[in-house]
Q: 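Below is one structure. I have some questions about it.
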Amino acid sequence: MRFSLTTWNINSVRLRINLVAKFLKSARPDVLCLQETKCIDDAFPLKRFKRLGYEHVALNGQKGYHGVAVISKLPFETTDIRTFCDKIDSRHISVAFGEKAQLTKPLVLHNFYVPAGGDIPDPALNPKFEHKLKFLDEMKACEPLHPRGEDRHILVGDLNVAPHENDVWSHKQLLKVVSHTPIECEKLLAAQTYGEWIDVARERIPMSQKVYTWWSYRAADWTIGDRGRRLDHIWVSRALKESVTDFKITRDARSWERPSDHVPVTVTLEV
DNA sequence: ATGGTAGAAACTCTA
């Protein structure tokens, strides 16, 4: 069975619901994982998704900030929410697909919104950066994020770190910029390695090639110099490594009217 | 420790 999944930091789902609808009508992924929905669950535009054929929704929203959602054509067996760093921030939700979705073997999906970390890349001076580093450490230590053997797990989201040199437009110029400092890159890669996750983008695209999923709003024209970063990630467990059949970054979405600063990232698997 | 823009919400925070 073909299974496709998109992750997208939407930067307010209510403001950009028409862009989401445009994307879903054209790409038709089975599952959409959103980050930065920025609304409480009662304000989530559920009906619009149902009309688009996405009847199953798992929400972890909060007022004004953060917020993650899983929107699906396929039903879930279970959903779960985890907290990190003893904060109630809405930064994680997971769902499991199984028999109800006609899957013979279970598939577990984690959707993350890792703290951005503020501007100053020093945990002693900047509590937001300290929080980000601690969050990454807790992701590494989190037992449910350690798929083993035949476990079919997927981890997606805005991880707010561009870990490799060609995940940013200028490695040298971004070494002291939060999202690409050595310490956070090390911590993200440590979580990835310890959990034996496969980074789908870098499995499909050579390390020597620049890959971005985010372009700052703070540029008059985002296309000038192509100053992007790869902040949005799709990781799969080893049991799914050979199941990936396609990977796509919808770069066009950055040019849509009133866009998010992130674009959709989609994986297709044969499960 | 430049400033630039964007969103939610409320007169400021977060990214």
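Per chain, numbering begins at 1; letters A, B, ... match sequence-line order. This is a predicted model, so every value here is computed, not measured.
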Q: Taking ring-ring contact (aromatic ring centres under 6.0 Å, His included) as the test, write out the residues that go with A:Tyr54, two or more places apart.
A: none
Q: Return each pair, listed once, that meets salt bridge (charged side-chain N to carboxylate O under 4.0 Å, His left out) where at least one residue sits in residues 13-28 of chain A; pairs must be two or more places apart or across chains.
A: none
Q: Between B:dA9 and B:dC13, how many Å separate the two P atoms, rounded to a whole number?
A: 16 Å
Q: Please state how far atom NZ in A:Lys87 lies from atom C1' in B:dC13, giving the value in whole angstrom units.
A: 13 Å
Q: Taking only heavy atoms on the protein side, list every residue of residues 5-16 of chain A lying under 4.0 Å from any atom of DNA chain B, sorted numerically.
A: A:Asn11, A:Ser12, A:Arg14, A:Leu15, A:Arg16
Q: Contact class for A:Arg91 vs. all strands (heavy atom < 4.0 Å): base, sugar-phosphate, or nothing?
A: sugar-phosphate
Q: Of all residues at least two apart in sequence or in a different chain, which pass the side chain to side chain contact (heavy atoms under 4.5 Å, CB included) check with A:Glu138?
A: A:Phe84, A:Cys85, A:Lys134
Q: Can you name the one residue among A:Ile93, A:Val95, A:Thr7 that meets side-chain contact (heavy atoms from CB on, under 4.5 Å) with A:Leu109?
A: A:Val95
Q: If I pick the P atom on B:dT12 and the same atom on B:dA1, what distance separates them, to the nearest angstrom?
A: 27 Å
Q: Taking only residues two or more places apart in sequence, or in another chain, which ones meet A:Arg254 in a salt bridge (Lys or Arg N to Asp or Glu O under 4.0 Å)?
A: none
Q: Measure from the side-chain heavy atoms of A:Ile120 and tell me the nearest of B:dA15, B:dA8, B:dA1.
A: B:dA1
Q: Taking 4.0 Å as the cut-off, does a side-chain nitrogen or oxygen of A:Lys128 come that near to OP1 or OP2 on B:dA1?
A: no
Q: Could you tell me the separation between the CG atom of A:Asp158 and the P atom of B:dA15, rounded to a whole number of Å?
A: 10 Å
Q: According to ring-ring contact (aromatic ring centres under 6.0 Å, His included), who are the partners of A:Tyr194, at least two apart in sequence or on a separate chain?
A: A:His146
Q: What integer distance in Å separates A:Trp215:CH2 from B:dG4:P?
A: 24 Å
Q: In whole angstrom, what separates A:Arg227's CZ from B:dT5's C1'?
A: 16 Å
Q: Need one value for A:Phe129: base, sugar-phosphate or nothing, where a base atom within 4.0 Å counts as base even if backbone is also close, heavy atoms only.
A: nothing
Q: Could you give the CD1-to-C1' distance, from A:Ile224 to B:dG4, as a whole number of Å?
A: 13 Å
Q: Would you indicate which nucleotide in B:dA10, B:dA6, B:dA15 comes nearest to any side-chain atom of A:Arg218?
A: B:dA15
Q: Let me know the distance between CD of A:Glu36 and P of B:dA9, rounded to the nearest Å.
A: 13 Å
Q: What's the closest nucleotide to the side chain of A:Tyr65 if the choices are B:dA9, B:dG7, B:dT5?
A: B:dG7
Q: A:Arg229 CZ to B:dA15 P: how many Å, rounded?
A: 14 Å
Q: Would you mind telling me which residue lines up with the more 5' stretch of DNA chain B, A:Arg258 or A:Gly117, judged by nearest nucleotide?
A: A:Arg258
Q: Roughly how many Å is it from CG in A:Asp119 to C1' in B:dG4, rounded to a whole number?
A: 11 Å
Q: Check whether NZ of the Lys or CZ of the Arg A:Arg229 lies under 6.0 Å from the centre of the six-membered ring of A:Trp214 and within 45 degrees of that ring's axis.
A: no
